[in-house]
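Here the structure is laid out as structure tokens; the discussion comes afterwards.
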Amino acid sequence: MVAENIPQHGASIPAQPAAHELAQSQPSGLQSSVPQSTSSASPLTDDPDRIATATKRYLEISENRLSAQTDWYTELVPSDKALLHMVCETAVRGFITWAQSYRSPRNYAPVSTGHIFLVAPVEFMRSIKLSQTLDATRIIVEVIVDNLDMLASSGAAQQDLLNAALIYSRSVAFSAAEVYANAAEVHGTWDARDEAFVIESLIGGETGTSLQARMTSFRWTSQTQSIAFVGKPDSTSGELRAGMQQDRLRRHVSAMGGFVCMSQHQDLLVTLFGSPEQGIPDTDPEHPAAYAHALASGATIGSGHITPTSSGTIGGSDSTGSSAAGSHSAVVSHSGEHNATHVAAPSSLDAMLGDAGASPDERLSIDSLSRLVMPLFDAQHPVCMGPVRQGFEGASYTVRAALGGYHAASAIANCPRPLASNDVLPERALFGDADARNELYNDIYAMLKQNNDKNSVLATVKAYLFNGGSLDKTAQELSVHPNTVRYRLRRSVDLTGWDPTDPREAYVLLTALKIGMIQDSNPDL
């Protein structure tokens, strides 16, 4: 029993309660075995200066003991130590707050300790195992017990405070075990080996029955909508911080009904999100390119609304919301109003991990996933987002597209974060990306061609681009009025989503035209 292991610190054990007191109903377990007290006041001092001093000293002594008594603590990087310090500080402050309501082992407020391990993820078990977390808890409790005089309201109250510390420490230990178990449950049955196997298979385009069987056991089906993000992991993070960020991401996505698979590929972090719903994005299906451009240029998107923001590019911001990847700085919602975004002030944990900015009731969308995943990546490198695709082949496609887009991002000036992989189709095609080449042919050239090599829209776009964007020269070459050229160019935007009058989009269209012309002339290539 716990009461038999109470250390002696000069305070005598109170006499046992009378028989009529024992006859009264009392909590089971630990409470029945802890010496009873009849005190009507909290054993904790009400002096805020003493409490502040004690809290600081407890943390200092605890960190010194962790360094001296454990091997793993000294091996943590500074950022991981800072986060563990936050957990320890939360535990100490939580005890002080709770002890203010403590009167006796039968009279105290319920112990709530789940918030202490809010940041305890299954991923950082690589750095902080459950046994090590319990090590830290044990040391903190020992420090408090050894220095009760710092917090006790009087010498006589030290025994009551000792009883309170024992009750609280047991709750913390159980809470730690529960949180680790819950983190593993949120993680599902994925483990690092499963995730690495799935990601590498998808990158290689292997979507056979073996991979499908494994992904199906993790909730992926032929109806799942997937989207991938690729970038360099945050270089300032230790394993503990990275694990916490990844766990928070998993919990947010799980709460929104989605699921996550992530793994390292070479020096990059690949994250794949899945949703059982029919379509992750809130976008006008007739203008997917405009939606992708608005997102890439730093817009905030949600529920059919796209509004420009003041940042979104690597190494700086663009107040116009424009980028080299597209000219669509904003798309007005169907209601005709812009949707303002309100961001709550970040907590101390958000300040260290990066404020994801997602509310618990937010639904799965490109916007929410973008904001949740960005803190995982290095701020000095690009992040590329693949398109939303369905099924196992679609999961492979979005991963490959995001990876190809990341490698092509170096050719984009003021690269937006995240960069939509569709915005670098020409660059991807230049380096042999077959998916990009096929997309340029099927989604742009074939849409303009419409099974007719001589149709007026294709001929007009071709003449316009080959004449350097000159409206007059195009009209002269086609023997039509300039207004006719304008009409056909607008028609081409309706067909493809790309605007030939915009320099960047004209380059995309020109690449698609040349790929189409070469492929039509050489079908065996």
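These figures come from a predicted structure and were not determined experimentally. One is the number of the first residue; the rest follow in order along the sequence.
Within the model, atoms CZ of F392 and OG of S201 stand 12.5 Å from one another, a figure rounded to the nearest 0.5 Å.
Residues that satisfy the side chain to side chain contact (heavy atoms under 4.5 Å, CB included) test with T221, not counting sequence neighbours, are Q223, T224. Contacts of E63 classified as salt bridge (Lys or Arg N to Asp or Glu O under 4.0 Å), with partners at least two apart in sequence or in another chain: none. By the salt bridge (Lys or Arg N to Asp or Glu O under 4.0 Å) test, R219 pairs with no residue at all, sequence neighbours left out. For K449, the salt bridge (Lys or Arg N to Asp or Glu O under 4.0 Å) test picks out D453, D520, with sequence neighbours left out. Every residue was checked against the salt bridge (Lys or Arg N to Asp or Glu O under 4.0 Å) condition with D443, not counting sequence neighbours, and none meets it. A search for side chain to side chain contact (heavy atoms under 4.5 Å, CB included) contacts involving R488 returns S456, T460, L478, V480, T484, not counting sequence neighbours. Y58 is linked by a ring pair (Phe, Tyr, Trp, His ring centres under 6.0 Å) to nothing, counting only residues two or more places apart in sequence or in another chain. With sequence neighbours excluded, the residues forming a side chain to side chain contact (heavy atoms under 4.5 Å, CB included) with Q264 are P233, L269, listed by chain and number. Looking at residues two or more places apart in sequence or on another chain, you find a side chain to side chain contact (heavy atoms under 4.5 Å, CB included) between T511 and P426, L440, Y507, I515. Judged as a side chain to side chain donor-acceptor pair (under 3.5 Å), and not counting sequence neighbours, the contacts of T207 are E393.
Residues in residues 402-428 take part in no ring pair (Phe, Tyr, Trp, His ring centres under 6.0 Å) pair, two or more places apart or across chains. A ring pair (Phe, Tyr, Trp, His ring centres under 6.0 Å) check over residues 410-446, counting only residues at least two apart or in different chains, returns the pairs Y441-Y445.
Side-chain atoms of S492 and W498 form no donor-acceptor pair, as typed in the model, at a separation below 3.5 Å. Looking at D499 and T501, their side chains do bring a donor and an acceptor atom within 3.5 Å of each other. Side chains of S396 and R400: a donor-acceptor N/O pair is present below 3.5 angstrom, by distance only.
Within a 6.0 Å radius of NZ in K514, no more than 12 heavy atoms belonging to other residues, nucleotides or ligands are found.
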